[in-house]
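Here the structure is laid out as C-alpha cells; the discussion comes afterwards.
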Number of protein chains: 2
Amino acid sequence: MQEHEIIFEAFLEKQGLKYTKARKLILEIVFKLHEHFDVEYLYDLIHQVSKDVSRATVYRTIPLMVEAGLIQRSVRSESRDKYEHIYGHPRHSHWVCKNCGLVIETDIQDLMKLVQSEAKTQNFQIDEVNLTVRGICWKCRNNANESQ
Amino acid sequence: MQEHEIIFEAFLEKQGLKYTKARKLILEIVFKLHEHFDVEYLYDLIHQVSKDVSRATVYRTIPLMVEAGLIQRSVRSESRDKYEHIYGHPRHSHWVCKNCGLVIETDIQDLMKLVQSEAKTQNFQIDEVNLTVRGICWKCRNNANESQ
DNA sequence: CTCTTATTGAGAATGAATCTCATTTAACAG
DNA sequence: CTGTTAAATGAGATTCATTCTCAATAAGAG
C-alpha cells in the first residue's frame, strides 16, 4: 500500500469514517496526477475508470484529503478551485498568467526562511504557505509586442 | 481631486471609457474603506448613500479598478472574493488564523526583492503578489495550551 | 442640439459547490 | 451467516456569487 493510502486510511479511521471503494479510487486517481486539477477534471478521469462514483462523492472526498494533509487548495483559475498535492511535494510558488492561464511553479526555499523567521516573531504556527504571483508570462508578452 | 481619482479617470480616458457618476461613487466608497471587502459589503455601503447604483454596476466597476492598479483581489474567504487597496498601500502578507479568523498583515519588502528577481529571470510581468500563510495565531495557541 | 457609443438597471442565466433524502454499504456483534 | 446501526452514496434539487442580456439612458464630441 502506498504511503498516501496509509495516511488517508489512518486519517479516516481516526475520524470514525470508512475507507470505501469510492474514496480509494478517488485517492488513487488524485495521486496519479502530477498537475493542478479541478474537480471537474478529476471527475472526468474517474468516470473513465468507473461510472459508479458521483460528482457529489468527489466533492465530498476532497475536503477529507485536505484535512488529512494530502492536498491543498491551490490557485483559483477561471472560476474553479484548483487543488494540488502537498504530501511529498516541496513548497513552491505559483506564477499565474492572466492571459493564457499558464501556471509556473518555482521553489520557495529562500522565501520560507523569511516566513519562518516572521512566524517565530509572531509566535504563529504555520500550516500552509501560499505565494501566488499574477501577471503576464514571457510568451504572452512577446506575442503582445509582435502584434503591435 | 484625490490621487486615486486622477488615476482612475486617466485610466478610463485611455480606454475610451467614461468617468460616470456611478463609477465616481463606487471609487469614493472603496477608498474610504480600510479593510478587505467583498462585493456584497461594498454594495451595501453604496446603497446606503445612493439607491441608483446597481449590483451589476458594482461588479462591472471592480475589474476596472483592478486594471487601473488601484485594488487587487486579495484573500478569498467563505465563498466570496475579497479585494483590498493596493494604490498607496505597501504590499503585505496575510496571516490568517484558521481558528479565530484573525487576519494579521505584515510588510513584505524583503519578499518583494526575491519575487522581483525571480520575475526578471522569468521575464514575467507582475500585476499582483499575494502571500498568504494559514495556521494558528499566538492567542489561539495559548488558549489551546491552557485548556490541556 | 444631434449623433454615436458607452453605460446602466433589472432581472435572467450560468455554473461551481453544497445539500437532501431515499437507498446502499460497511463494520461489527452475536 | 444474520441483524443492527451508522456512515456513505447517487441523483438531482438548491444555493449563491458572478456574469450576461437587452432595452432604456446618459455622456461627450462636433
Side-chain angles (χ1 to χ4, degrees), chain A residues 5 8-30 36-68 71-83 98 101, chain B residues 5 8-27 29-30 36-47 49-68 71-83:
Chain A
E5 274 192 274
F8 196 39
E9 196 172 4
F11 167 81
L12 290 172
E13 170 139 36
K14 200 173 149 200
Q15 307 284 313
L17 305 175
K18 294 161 188 170
Y19 190 45
T20 61
K21 250 198 291 186
R23 287 174 180 162
K24 196 171 177 136
L25 179 61
I26 294 167
L27 182 73
E28 189 186 318
I29 306 270
V30 162
H36 298 81
F37 61 93
D38 59 44
V39 179
E40 207 50 33
Y41 179 66
L42 177 59
Y43 175 69
D44 283 349
L45 290 178
I46 289 167
H47 228 217
Q48 286 170 24
V49 178
S50 161
K51 305 282 178 230
D52 297 337
V53 178
S54 71
R55 197 177 260 101
T57 297
V58 177
Y59 271 105
R60 283 190 279 234
T61 304
I62 281 184
L64 296 175
M65 292 186 291
V66 170
E67 256 198 281
I71 63 174
Q72 73 174 0
R73 202 160 70 176
S74 172
V75 281
R76 188 177 177 209
S77 81
E78 305 121 52
S79 56
R80 292 179 187 161
D81 288 336
K82 285 208 171 193
Y83 295 85
K98 284 179 168 179
Chain B
E5 274 193 273
F8 196 39
E9 196 173 5
F11 167 81
L12 292 172
E13 171 140 36
K14 199 173 151 202
Q15 307 283 314
L17 305 175
K18 294 162 188 169
Y19 190 44
T20 61
K21 249 197 294 185
R23 286 175 181 161
K24 197 171 176 133
L25 179 62
I26 294 167
L27 182 72
I29 305 271
V30 163
H36 300 81
F37 60 93
D38 59 43
V39 179
E40 207 50 32
Y41 179 65
L42 177 58
Y43 175 69
D44 283 348
L45 289 178
I46 290 166
H47 228 215
V49 177
S50 161
K51 304 284 179 228
D52 296 338
V53 177
S54 71
R55 196 176 261 102
T57 298
V58 177
Y59 271 105
R60 283 188 281 234
T61 305
I62 281 183
L64 296 175
M65 292 186 291
V66 170
E67 256 199 280
I71 62 172
Q72 74 173 359
R73 202 161 70 177
S74 172
V75 281
R76 187 178 180 212
S77 81
E78 305 120 53
S79 56
R80 293 179 185 162
D81 288 336
K82 286 209 172 193
Y83 295 85

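The number of heavy-atom neighbours closer than 6.0 Å to CD of B:Glu40, taken from other residues, nucleotides and ligands shown, is above 12. No more than 12 heavy atoms of other residues, nucleotides or ligands sit less than 6.0 Å from atom NZ of A:Lys14.
Heavy-atom minimum distance, A:Ser54 versus A:Tyr43: C-CE1, 3.7 Å.
Distances shorter than 4.0 Å separate none of the side-chain N or O atoms of B:Arg80 from OP1 or OP2 on D:dC16. Taking only side-chain nitrogens and oxygens, B:Tyr59 never comes nearer than 4.0 Å to OP1 or OP2 of D:dT19. Here B:Thr20 reaches the OP1 or OP2 of C:dT8: one of its side-chain N or O atoms lies under 4.0 Å away.
Checked against C:dT18, D:dA11, C:dG9, the side chain of B:Ser54 finds its nearest nucleotide in C:dG9. Here the nucleotide nearest the side chain of B:Leu17, chosen from C:dA6, C:dG9, D:dT18, is C:dA6. Of the listed nucleotides (D:dA11, C:dG9, D:dT18), D:dT18 has the atom at the smallest distance from the side chain of B:Val39. Among D:dT18, D:dA6, C:dG9, the nucleotide with an atom closest to any side-chain atom of A:Lys18 is D:dA6. Distances from the side chain of B:Ala56 to the nucleotides D:dG12, C:dA10, D:dT18 place C:dA10 closest.
Side-chain atoms of B:Arg55 and base atoms of C:dG11 include no donor and acceptor less than 3.5 Å apart.
A side chain to side chain donor-acceptor pair (under 3.5 Å) check over residues 15-25 of chain B, counting only residues at least two apart or in different chains, returns the pairs B:Glu5-B:Tyr19.
Among the atoms of the strands shown, only primed sugar atoms or phosphate atoms (P, OP1, OP2) are found under 4.0 Å from some heavy atom of A:Arg23.
Contact of the B:Asp81 side chain with the B:Val39 side chain is not registered, since no non-hydrogen atoms from C-beta on lie closer than 4.5 Å. Side chains of A:Ile62 and A:Met65 form a contact here, defined as non-hydrogen atoms less than 4.5 Å apart.
In DNA chain D, stems built from 3 or more consecutive Watson-Crick or G-U wobble pairs, each with both distances under 3.5 Å, span C:1-30 with D:1-30.
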